J.: 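Supplied in C-alpha cells, the structure appears directly below.
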Amino acid sequence: MSSAWNLDKITDAFSSASQGVGSWQHSLDVITAEVGGAGATVVPVTGRFGELPSSRSFEEALARYRSDGWINRDVRFQAAGALARKGIATDLDFINDDAIRRHPYYQEWLRPFGLKWFAAVPIKTTHESWVLSIQRSEAQGPFSEHECNTLRMLSQNFSTSAAVGNAMNFARADAAEAAFDMGGKGLVLLDRHGDVVRWNKSAEVSFSDHLFVRNKRLTTSDSATLRAMNKAIHDAVASKTSAPPIAVARLDALPIVLYISPATRVAVDLFSPCQIFVVIVDLKERRIPAPQILQHLFGLTKAESELACNLARGRTLQEVAGSQGISYETERSRLRSIFEKTGVNSQVDLVSMVLLIEFGNRYP
C-alpha cells in the first residue's frame, strides 16, 4: 500500500536525477522498489523518444519495445485523455482485464517479461511534458485508487524538481554562451525536437541569407546543406553522436562551418531544453594554428605545414608557389603528400581540418 511508501526517498531520488546529481537508472531503481513496481522509465509526451532512461529491471523489456516496433503501436497512448482529466492514468482507464488477456501488446510484449500493469505519472516542465511510467507484474496487481492519489501528489513534486533542474541548466547555458562569445564562436542551443532555444551574440553576427532562424528552426538556403544539418541534429538527439563539420556556402565569402553535437556540458538533465550544441565558425576569422602543430600531428615537413596554413588563410596554390619562387607543380606535389599524410581528399577538407584544429585549441 502507498501508506508504506517512503515519499521523501522517492522525491529525493527523482530530484537527484532531474538536477544532474545522480543517475537516472539508480533513481528509477529506487522509485520502482519504493512503489512496489517491476520497472520504470521516463517518456516524453510528444516528439522523438531518443534514449530513454530506465530502471535495471526494465532495460530488457524497453529494448524489445524498440526492436519489435511496439514503440509505434503503443496502446497505452490511449491513456492520454485520462491523464489530462485525472492527473494520473492506468491501464484500467482505457481497457478492461478481459481485453488485456487478448491484446497482443500485453500478451506478446509485456507478458514474456512478467509485466502487465502500469501507472502514468505526469511531469510538467517549463518547456514540455513527460510521463514517469511505472510497471507492475500481474502478481503485484494494478495501482489502487489510494496509490493513484499518492502518485498524483508526487507528480507535483516531480514537476517542481524538473523546473529547478531546468533553471540550473539555463544557468549552465548562460556560462557556455559567454565562453563561446569570448572565443569568438557562435553557439546555438537546440532542444531535443531540433527547435532553437537560444543563441549567443557571436551566432547572431553570423546569421545572414545563408544561415538563419525561421519558425524556431536553424535553416539554410541550400537544400543539400539543410538535409545534412537536419540529419546531424537527429543523430545528436537519437544516438548522442557528433557529426562531421558542415560547410554552409556563401557567394561573397568563405563558408560558415557548423559543428553539431550533444550538449553534454549543459544538458546534464533529461528535461533540459538545451540538448544540442550548434557551434558556428566563420572562416573569415582566419585563425590558423602554428605550422609546427601540423608537423607534430601529421608528420608534415616544414614546407608542407606552411603550405597547409597558407591555403587555410585563403591563398591559392598559384599564389603560394609564386611567393615561394617555386613551380606550381612542386606545390601540387606537396599538396598530394599532405592529403596522404592527413587522410583528407580535397583542398576544402584540408582547410576545414586545419581550422578545426585551431577551433579545438580554443574550445571552451
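Computed from heavy atoms alone, side chains included, the values below leave out hydrogens, waters and symmetry copies. The structure presented is a predicted model; accordingly, all values stated were derived computationally and were not measured.
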J.: May I ask you to check whether Trp24 and Phe271 place their ring centers less than 6.0 Å from one another?
T.: yes
J.: Hey, are Arg85 and Asp93 close enough for a salt bridge, meaning a charged N less than 4.0 Å from a carboxylate O?
T.: no
J.: Can you list the steps and then say if Ser18 with Ser15 is a side-chain hydrogen bond (donor to acceptor under 3.5 Å, both in side chains)?
T.: CA-CA 5 Å; Ser18 64; Ser15 177; 4.8 Å; no
J.: More than 12 heavy atoms of other residues, nucleotides or ligands under 6.0 Å from CD of Glu145: yes or no?
T.: no
J.: Donor-acceptor pair, distance only, cut-off 3.5 Å: does the side chain of Ser202 make one with the backbone of Gly186?
T.: no
J.: So, the side chain of Gln295 versus the backbone of Thr301: is there a donor-acceptor pair under 3.5 Å, distance only?
T.: no
J.: What is the distance from atom NE2 of His210 to atom CZ of Arg250, rounded to the nearest 0.5 Å?
T.: 7.0 Å
J.: What do the steps show when you test Leu132 against Thr41 for side chain to side chain contact (heavy atoms under 4.5 Å, CB included), and what is the final call?
T.: CA-CA 6 Å; Leu132 171 63; Thr41 185; over 6 Å; no
J.: Begin from the C-alpha positions of Glu128 and Val45 and carry the test side chain to side chain contact (heavy atoms under 4.5 Å, CB included) through to its verdict.
T.: CA-CA 8 Å; Glu128 59 183 333; Val45 172; over 6 Å; no
J.: Atom CD of Glu147 and atom CD1 of Ile134: how far apart are they, to the nearest 0.5 Å?
T.: 10.0 Å
J.: Is there a path of hydrophobic side-chain contacts, each under 4.5 Å between heavy atoms, that joins Ile123 and Met168?
T.: no
J.: Tell me, do Asp209 and Ser221 make a side-chain contact under 4.5 Å, heavy atoms counted?
T.: no
J.: Please check if atom CG in Asn215 has more than 12 non-hydrogen atoms from other residues, nucleotides or ligands closer than 6.0 Å.
T.: no
J.: Working to the nearest 0.5 angstrom, can you tell me the gap between Arg64 CZ and Leu110 CG?
T.: 11.5 Å
J.: Checking Ile260 against Ile233 for the side chain to side chain contact (heavy atoms under 4.5 Å, CB included) test, could you report, in this order, the C-alpha distance in whole Å, the side-chain angles of both residues, the deciding distance, and whether it holds?
T.: CA-CA 7 Å; Ile260 300 173; Ile233 292 170; 4.1 Å; yes
J.: Measuring only between side-chain heavy atoms, which start at C-beta, is Val354 closer than 4.5 Å to Leu311?
T.: no
J.: Using every non-hydrogen atom in the two residues, find where Leu294 and Ala308 come nearest and quote the distance to one decimal.
T.: CD1-CB, 3.8 Å
J.: Transitively linked via ILVMFWY side-chain contacts under 4.5 Å: Leu7 with Leu151?
T.: yes
J.: Counting neighbours of CD on Glu60 that are heavy atoms of other residues, nucleotides or ligands and sit closer than 6.0 Å, is the number greater than 12?
T.: no
J.: Please confirm whether Arg76 makes a cation-pi placement over Phe118, using NZ or CZ under 6.0 Å from the six-membered ring centre and within 45° of the ring normal.
T.: yes
J.: Does Met153 share a hydrophobic cluster with Ile88, counting links as ILVMFWY side-chain heavy atoms below 4.5 Å and allowing steps through other members?
T.: yes
J.: Would you kindly check if the NZ (Lys) or CZ (Arg) of Arg111 is within the cone defined by 45 degrees around the ring axis of Trp109 and under 6.0 Å from the six-membered ring centre?
T.: no
J.: One pair to check against salt bridge (charged side-chain N to carboxylate O under 4.0 Å, His left out): Lys9 and Asp12. What are the steps and the verdict?
T.: CA-CA 5 Å; Lys9 190 173 182 180; Asp12 288 347; over 6 Å; no
J.: Do Leu52 and Leu62 have side-chain heavy atoms sitting under 4.5 Å apart?
T.: yes
J.: Just so I know, are the side chains of Glu177 and Leu189 near enough to count as touching, which here means a heavy-atom distance under 4.5 Å?
T.: yes
J.: How long is the gap from CG on Leu218 to CD1 on Ile280, to the nearest 0.5 Å?
T.: 6.0 Å
J.: Please answer whether the main-chain N or O of Val320 pairs with a side-chain N or O of Ser323 as donor and acceptor at a distance below 3.5 Å.
T.: yes
J.: What is the minimum heavy-atom distance between Ser161 and Phe14, and which atoms define it?
T.: CB-CD2, 4.0 Å
J.: Could you pull out the closest heavy-atom pair between Gly39 and Ser57, with the gap in Å?
T.: CA-OG, 3.4 Å
J.: Tell me whether Ser305 contacts the main-chain N or O of Lys302 through its side chain, where contact means a donor paired with an acceptor under 3.5 Å.
T.: yes
J.: Quick check against the 3.5 Å criterion: does Thr32 have a side-chain atom that pairs as donor or acceptor with the backbone of Ala38?
T.: no
J.: Give the intermediate values and the outcome of side-chain hydrogen bond (donor to acceptor under 3.5 Å, both in side chains) for residues Ser333 and Glu331.
T.: CA-CA 5 Å; Ser333 177; Glu331 289 292 53; over 6 Å; no
J.: For Phe143 versus Val35, what's the shortest heavy-atom pair and its separation?
T.: CE2-O, 4.3 Å
J.: Please tell me whether Trp199 and Phe207 form a close aromatic pair, meaning their ring centres lie under 6.0 Å apart.
T.: yes
J.: With a 4.0 Å cut-off on N to O distance, would you call Asp97 and Lys116 a salt bridge?
T.: yes
J.: Group every Ile, Leu, Val, Met, Phe, Trp and Tyr by side-chain heavy-atom contacts under 4.5 Å, then state whether Leu297 and Phe339 land in the same group.
T.: yes
J.: Assess the residue pair Gln25 and Arg56 against the criterion (side-chain hydrogen bond (donor to acceptor under 3.5 Å, both in side chains)); give the C-alpha distance rounded to whole Å, side-chain angles, the decisive distance to 0.1 Å, and a yes or no.
T.: CA-CA 7 Å; Gln25 184 180 71; Arg56 288 177 177 83; 3.2 Å; yes
J.: Would one find more than 12 heavy atoms of other residues, nucleotides or ligands at under 6.0 Å from atom NZ of Lys124?
T.: no
J.: Taking all atoms of both residues into account, what is the closest heavy-atom pair of Ala236 and Ile276, and its distance?
T.: CB-CG2, 4.2 Å
J.: Could you go through the side chain to side chain contact (heavy atoms under 4.5 Å, CB included) check for Thr125 and Trp130 one step at a time?
T.: CA-CA 8 Å; Thr125 72; Trp130 296 70; 4.2 Å; yes
J.: Give me the atom names and distance for the closest heavy-atom approach of Ser54 to Glu59.
T.: OG-CG, 3.4 Å
J.: Compare all side-chain heavy atoms of Asn230 with those of Thr219 and state whether any distance is below 4.5 angstrom.
T.: no
J.: Would one find more than 12 heavy atoms of other residues, nucleotides or ligands at under 6.0 Å from atom CD of Glu138?
T.: no
J.: Give, for atom SG of Cys274 and atom CZ of Phe170, the distance between the pair rounded to the nearest 0.5 Å.
T.: 4.5 Å
J.: Heavy atoms, side chains only, cut-off 4.5 Å: are Arg336 and Arg332 in contact?
T.: yes
J.: Does a side-chain heavy-atom distance below 4.5 Å link Glu304 with Phe298?
T.: no
J.: Evaluate the side-chain proximity of Arg217 to Val196: yes if any heavy-atom separation is below 4.5 Å, no if none is.
T.: no
J.: Quick one: pull up CD in Glu329 and CZ in Arg334 and give me the separation to the nearest 0.5 Å.
T.: 13.0 Å
J.: When clusters are formed by joining ILVMFWY residues with side-chain heavy atoms under 4.5 Å apart, either directly or through shared neighbours, do Val164 and Ile31 land in the same one?
T.: no
J.: Checking side-chain contact (heavy atoms from CB on, under 4.5 Å) against Leu258, which of Val279, Val281, Leu211 comes through?
T.: Leu211
